[in-house]
Protein chains: 2
Amino acid sequence: MTAPPRRVTQRDIARMAGVSQATVSLVLNNRTDADVRIAPETRDRVLRVITETGYAADPVARRLASRFNRIIGVFTYEPAFPSGSRDFFHPFLLGIEEYAERVGCDLLLLTSAPVVDGRRRIFHHDNRLRLADGCILLGREIDGAELHRLNRDGYPYVAVGRRDDAGGPVPYVGADYASAVAQLVEAALRRGHRRLTYVSMGAPAESSEDRLRGFRAAATTAESAGQMSASAGEADATVDTLLADGTTVVFVEDFATAVALESAARRRGLSVPGDLSIVTLGDPTSPVPTDIAFTGFRIPREEMGRQSVEVLTGVIDGSAAGLHQRLLACELVEGRTLGTPDPAVDQR
Amino acid sequence: MTAPPRRVTQRDIARMAGVSQATVSLVLNNRTDADVRIAPETRDRVLRVITETGYAADPVARRLASRFNRIIGVFTYEPAFPSGSRDFFHPFLLGIEEYAERVGCDLLLLTSAPVVDGRRRIFHHDNRLRLADGCILLGREIDGAELHRLNRDGYPYVAVGRRDDAGGPVPYVGADYASAVAQLVEAALRRGHRRLTYVSMGAPAESSEDRLRGFRAAATTAESAGQMSASAGEADATVDTLLADGTTVVFVEDFATAVALESAARRRGLSVPGDLSIVTLGDPTSPVPTDIAFTGFRIPREEMGRQSVEVLTGVIDGSAAGLHQRLLACELVEGRTLGTPDPAVDQR
DNA sequence: CATAGGTGCTAATACGTATTAGCTCGACGA
DNA sequence: TCGTCGAGCTAATACGTATTAGCACCTATG
């Protein structure tokens, strides 16, 4: 690193081509409006100099002067390391990158956001949001206050996953958990299950609410549709509780918990799905080794990534507001953990 | 999207605090030089207004005016999609992100670079390199001409993987393939192998040269040390060739080719490593399903990612040039595909 | 020949920050 | 009384681009 050779600017190009800086800018942006005219010879001359020098406009200056940057920010709410949630986010990122590449945008991963109280903060004394034209928000739980702030500032963004209003509608691309869960409940009812239990993670996220809503809506004809919250660590006690109240099928929000319940059940000499059916409600958010083919559904994560970019570009250039909230269908996974309830048990 | 509310600027802060814009900037950057003095009361007043408004400096303007952005560009040479090389790059990216987070930098994935003749181009009519303070280059083969250009422009960058000089030394963080391959060759010699063959991919990359160099340097005491180039598709013919010239151990550059050779050998009724030892020279660059525990080495990809950020920051702020080329040791993997040659065969 | 209208370009300015030269004001020394 | 000096601030400018008002010139028209 000696003296950094001052980079070529439009002024340099202008001097070489014998025109003004403004003309260079006009040629560069291929402006052909009615009130902007450049003679073909002049245009060619400028273009030739540009080609010779290999000049490319400084994106920073361009952004400062005009409006857009063709940069899409990606804010990952949960700290990326060392948690395994990385693997959960990866498919979203793949989809985002794919679509960003297609529309010619660069991706800015906002990794510099500081962690306060265990979670990343968008807004802090040196936030860099404005480097990007808009931002994609990834994370199970997103701070409502920050969404309010984004709305108030009129900053273009889109959340991956449905979000409640926050001082205005929140643009999002989510998965239609309610429908997916409802379909699984209906499948269970068709197989004769009458006593269903929903096992939640106990977190206040929208994604949990939606699943539970789907469960409740579809389980109306069931004899009993209970709800409890449990984690993987309490699997044994949970299985006892479930059996005690005659539950024949559980709908488990957290994948790791489902895995734990299955082995706890087997440890008690129960068969799955013979004695207890287990339905999972989404992909693993942390890596859990298991060979069990659980019945459940798959979240269209790559597609959500792609569409979030699409929605964001819409928000940025201010097209119709109605399309800024999307719910994508989840693909049901047949699996082997949803069976037919034992009639003897069912008759108790 | 109604009228975008003009964002708060230093001028606004200045007006509110009853000072000049320059003062706001000085306070903001905590300038305490001898020739810049701000009275404590003034400083506090400005800071209070900044806190109240939640103001944060526009990183774009900041970059234009001064020098640095705290953005690290990441250029992925091979097109990311749909090739599976994605999985190969992922560990590098993890390391890069981890270190970038630690030093408070954001990452700019330069996904907008256009693909020409099957490979991404750094330099094109609208390249966005200058958005970042410097750039990390990822890819098996990197165009020497582009490296020349980077050097000429004095643009700070670092390559992941060793690179030959290109109009000057190229800063890099590479894996020490030569040593790793040499160690494997020595291990084979110790086990009694005398006829070794190196199977390359036939690509002109530095990573291939280094491996081959290590092979040649260590194989001097062998009876024969041949070299051929082959791909996974020609596995059967390759095995025939190898057996015909009495080879007892092959060093295979490409992981997929090694997998193919192993199954081709078994198809011929040969045992691995009984009849033929197979040593792989690096991690799979594309996903190849196999249960075989190949003997070989592991590339320290995450660590390379981390150190590439470290080197880049050094290049950017112009510290000692001697440390800008690093080779990291590879971890040897024992595996089960390097055996002892059959004495009968060896005596031919 | 004066006027109108069109063409091709440039000067000037804005974007929001960082930096630096230099201004004002008061205190202090001679 | 004047000069000096330091403290505390501001005016001015640069960074590189996009945009717009408007200038100079030409042609056609009456």
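To find a chain, count down the sequence lines: A is the first, B the second, and so on, and within it residues start at 1.
A donor-acceptor contact closer than 3.5 angstrom is absent between the side chains of A:Tyr55 and A:Asp12.
Using a 4.5 Å cut-off on side-chain heavy atoms (C-beta onward), A:Thr32 and A:Arg43 make contact. In this structure, the side chains of A:Glu97 and A:Leu93 stay at 4.5 Å or more apart for every pair of heavy atoms.
Dashed line: the shortest gap from a side-chain N or O of A:Arg37 to OP1 or OP2 of C:dT7 is under 4.0 Å. One finds a side-chain N or O of B:Arg31 lying less than 4.0 angstrom from the OP1 or OP2 phosphate oxygen of C:dT19. Side-chain nitrogen and oxygen atoms of B:Arg63 include none within less than 4.0 Å of the OP1 or OP2 phosphate oxygen of C:dT17. Distances shorter than 4.0 Å separate some side-chain N or O of A:Thr42 from OP1 or OP2 on C:dC9. Applying the 4.0 Å criterion to OP1 and OP2 of D:dT10, one finds that B:Thr23 has a side-chain N or O inside that range. Considering only side-chain N and O atoms, B:Gln10 lies under 4.0 angstrom from the phosphate OP1 or OP2 of C:dA18. A close approach under 4.0 Å does not occur between any side-chain nitrogen or oxygen of B:Thr9 and OP1 or OP2 of C:dG16.
To the nearest angstrom, C1' of D:dT10 lies 16 Å from CZ of B:Arg15. Rounded to whole angstrom, the span from the CG atom of A:Asn30 across to the C1' atom of D:dT19 amounts to 16 Å. Atoms CZ (B:Arg11) and C1' (C:dA18) sit 15 Å apart, rounded to a whole Å. Straight-line distance from the CG atom of B:Leu131 to the P atom of D:dT17: 12 Å, rounded to whole Å. Here the C1' atom of nucleotide C:dC15 and the CG atom of A:Leu64 are 4 Å apart, to the nearest Å. In this structure, A:Arg130 atom CZ and C:dT17 atom P are separated by 11 Å, rounded to whole Å. For the pair A:Asp12 CG and D:dC15 C1', the computed distance is 13 Å after rounding to whole Å. Atom CD1 in B:Ile38 sits about 15 Å away from atom C1' in D:dG6, given to the nearest Å.
With D:dT17, C:dG16, C:dA18 as the choices, the nucleotide that has an atom nearest any side-chain atom of B:Ala61 turns out to be C:dG16. Residue A:Leu26 has its side chain nearest to C:dT10 when only C:dA18, C:dC15, C:dT10 are considered.
In this structure a side-chain-to-backbone donor-acceptor pair under 3.5 Å is present from A:Arg128 to B:Arg70. Under a 3.5 Å cut-off, the side chain of B:Arg120 and the backbone N or O of B:Thr76 do form a donor-acceptor pair.
Among the protein residues, B:Ala39 comes within range of the sugar-phosphate backbone only, with heavy atoms under 4.0 Å from sugar or phosphate atoms but none that close to a base. The residue B:Val19 sits close only to the backbone: its heavy atoms come under 4.0 Å of sugar-phosphate atoms, none of a base.
The pair B:Glu98-B:Arg102 meets the salt-bridge criterion, since a charged nitrogen lies less than 4.0 angstrom from a carboxylate oxygen. A salt bridge is defined here as a Lys NZ or Arg NE, NH1 or NH2 lying under 4.0 Å from an Asp or Glu carboxylate O, and B:Glu310 with B:Arg306 fails to meet this definition. Ion pairing of B:Glu206 with B:Arg163 is present here, as a side-chain N (NZ or NE/NH1/NH2) and a carboxylate O approach within less than 4.0 Å.
Cation-pi geometry between A:Arg149 and A:Phe123 is satisfied (NZ or CZ under 6.0 Å from the ring centre, within 45° of the ring normal).
Side-chain atoms of B:Gln21 and base atoms of C:dA18 include a donor and an acceptor less than 3.5 Å apart.
Residues forming a ring pair (Phe, Tyr, Trp, His ring centres under 6.0 Å) with A:Phe75 (at least two apart in sequence, or on another chain): A:Tyr77.
The end-to-end axis angle of the helix from C:dC1-D:dG30 to C:dA30-D:dT1, rounded to 10 degrees and based on five pairs per end, is 80°.
For DNA chain C, the residues of residues 43-57 of chain B within the heavy-atom distance limit of 4.0 Å (strictly under) are B:Tyr55, B:Ala57, sorted by number.
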